[in-house]
Amino acid sequence: MIFDMEMSQHGRNVDDVIADLKAKRVGDARWQDGRTFGLVFDGGPSVHTVAEQAAIMYLHENALNPMAFPSLGEIQNEVVAWTAGLLHGPDTAAGFLTSGGTESIQCAVLAARERCRAERGIEFGEIVVAESAHAAFHKSAHMYGMPIHTTPVGDHWTADVDAMAAAVTDQTVLVVGSAPQFPQGVVDPIPEIAQLAATVGANCHVDACMGGFVLPFAEMLGRPVPPWDFRVDGVHSISADIHKLGYAPKGVSVVLHRTKELRRHQIFLFDAWLGGFYGSPNLQGTRSGLPMAAAWAVMQHLGIDGYVELTGKVLETADRVRAGVSAIDGLRVLGDGDYHLVAIASDPAGDAPLDVFALGDAMAKRDWYLDRQGPPDSLHATVSNGNAAVIDQFLVDLQAGVDEVRGHTTADRTTTYSAVE
Ligand SMILES: *Cc1c(COP(=O)(O)O)cnc(C)c1O
């Protein structure tokens, strides 16, 4: 009731306020126990410690003006440079930190629109994406007034480049590939997509929000990784989220461009108001220093060796999930993803196909949190370090959930990537 929501007239003491906040959290997802497959990515106790100490130091700092806080300018430059190194950026590579994958994508889409305005005279250039590309591209198209064309994926859930080619015209300013895409966790054919973009002078963006802090280390571990980063000619920009498998607390991602000139197109410079020069690298104005400093601290703390170790553990855990799911009659894994994303679907070839949404409910009763996604109906697991210790129990519970729901369906067909309260 709205009456209950009036702000208190008199302030309350610190202990009471914090006690109430603690009480509010009882129903929240139990990520600390490794029971969420997504949303929170737990790098372990020492990663928490270093992130928390950095966060407290930078809780109040504002990166709006790095002249006032030169340390935040340095932090941004260093994190961007380290990430460019991991992604084999050339010496000319340049980028910025943003608040997350969505904002990195919004910056890359804006850069594509502005570049083609400047160089090709196209006012509202068009975007071509596979249907597996993240919703943030559609959100960007919506915000910037850019037509967006969606093409089907092929048999292996990867972007079908022939279908994309059919959607590319002389008005196309951006062609997108994902490394990997979110729903089934497979890497699109990036070299072909980059070549396609080049045929019309469009930008090619690689969405590595999920893979940016996994694929480089998977390659170091000797796992097969198809070409996807700046080593592919014709890739203009890449987004990589540190707040996912980079294990930084939320609010930080990197958007990288092959050159400073390409990056220039995402920057807004303005001085025709009464407040003075306004230079803005991304979509934010006032900009918290906290996530930037925490990301810097986590990357310093882990180092390449730390990430390789975490990635090895995560990929082995994801392999066990894939093997466990495939061994259950009525279930299958969608796509032949090799990395940390697993889509669990009903197997039509099984003796008794299952309703995976009913299975999701049965798992929720057992305190496991998996996203419902589709089409097709599937349960989505982003496997990360926090899940490793409890994965045996997860597979035991998955079998129990399957036994419970076999023959049952649920009427609730909603999907749950995110919500608006
Ligand atoms: C998470 C994700 C995004 C969006 O990132 P946010 O940090 O949630 O804004 C974009 N693309 C892919 C592939 C993702 O996994």
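Residue numbers count from 1 along this sequence. We count ligands from 1, going down the list as the structure has it; atoms in each ligand are counted the same way. Since the model is a prediction, treat every value here as computed from it, not as a measurement.
Note: no N/O pair closer than 3.5 Å links Tyr417 and ligand 1 by distance alone.
Electrostatic pairing of Asp412 and Arg372 counts as a salt bridge here, judged by a charged N lying under 4.0 Å from a carboxylate O. Here Lys365 pairs with Glu404 in a salt bridge; the nearest charged N to carboxylate O distance falls below 4.0 Å.
In this structure, a donor-acceptor pair under 3.5 Å is absent between the side chains of Ser288 and Tyr58. Between Trp157 and Gln181, the side chains place no donor N or O within less than 3.5 Å of an acceptor N or O (distance only, hydrogens not considered).
Not a single heavy atom of Gln181 lies less than 4.0 angstrom from ligand 1. The closest approach between a heavy atom of Phe137 and any atom of ligand 1 is not below 4.0 Å.
Between Phe394 and Asn387 there is no side-chain heavy-atom pair separated by less than 4.5 Å.
With ligand atoms numbered from 1 in the order given, ligand 1 contributes 15 (O) to contacts under 4.0 Å with heavy atoms of Phe182. Against a heavy-atom cut-off of under 4.0 Å, Met210 is close to the following atoms of ligand 1: 15 (O).
The side-chain tip of Arg117 points at the ring of Phe124 from less than 6.0 angstrom away and within 45° of straight on. For the pair Arg263 and Phe96, the cation-pi criterion (under 6.0 Å, within 45° of the ring axis) is fulfilled.
The proximity of Glu103 to ligand 1, defined as any non-hydrogen pair under 4.0 Å, does not occur for either the backbone or the side chain.
Nearest to atom 2 (C) of ligand 1 among the protein's heavy atoms is Lys244 NZ, 2.2 Å. The single protein non-hydrogen atom nearest to atom 13 (C) of ligand 1 is Asp207 OD2, 3.3 Å, given as residue, atom name and distance. Ranking the protein heavy atoms by distance from atom 9 (O) of ligand 1 puts Thr102 OG1, 2.5 Å first.
The closest heavy-atom contact to atom 5 (O) of ligand 1, among the options Gly100, Ser418, Gly101, Gly212, comes from Gly101.
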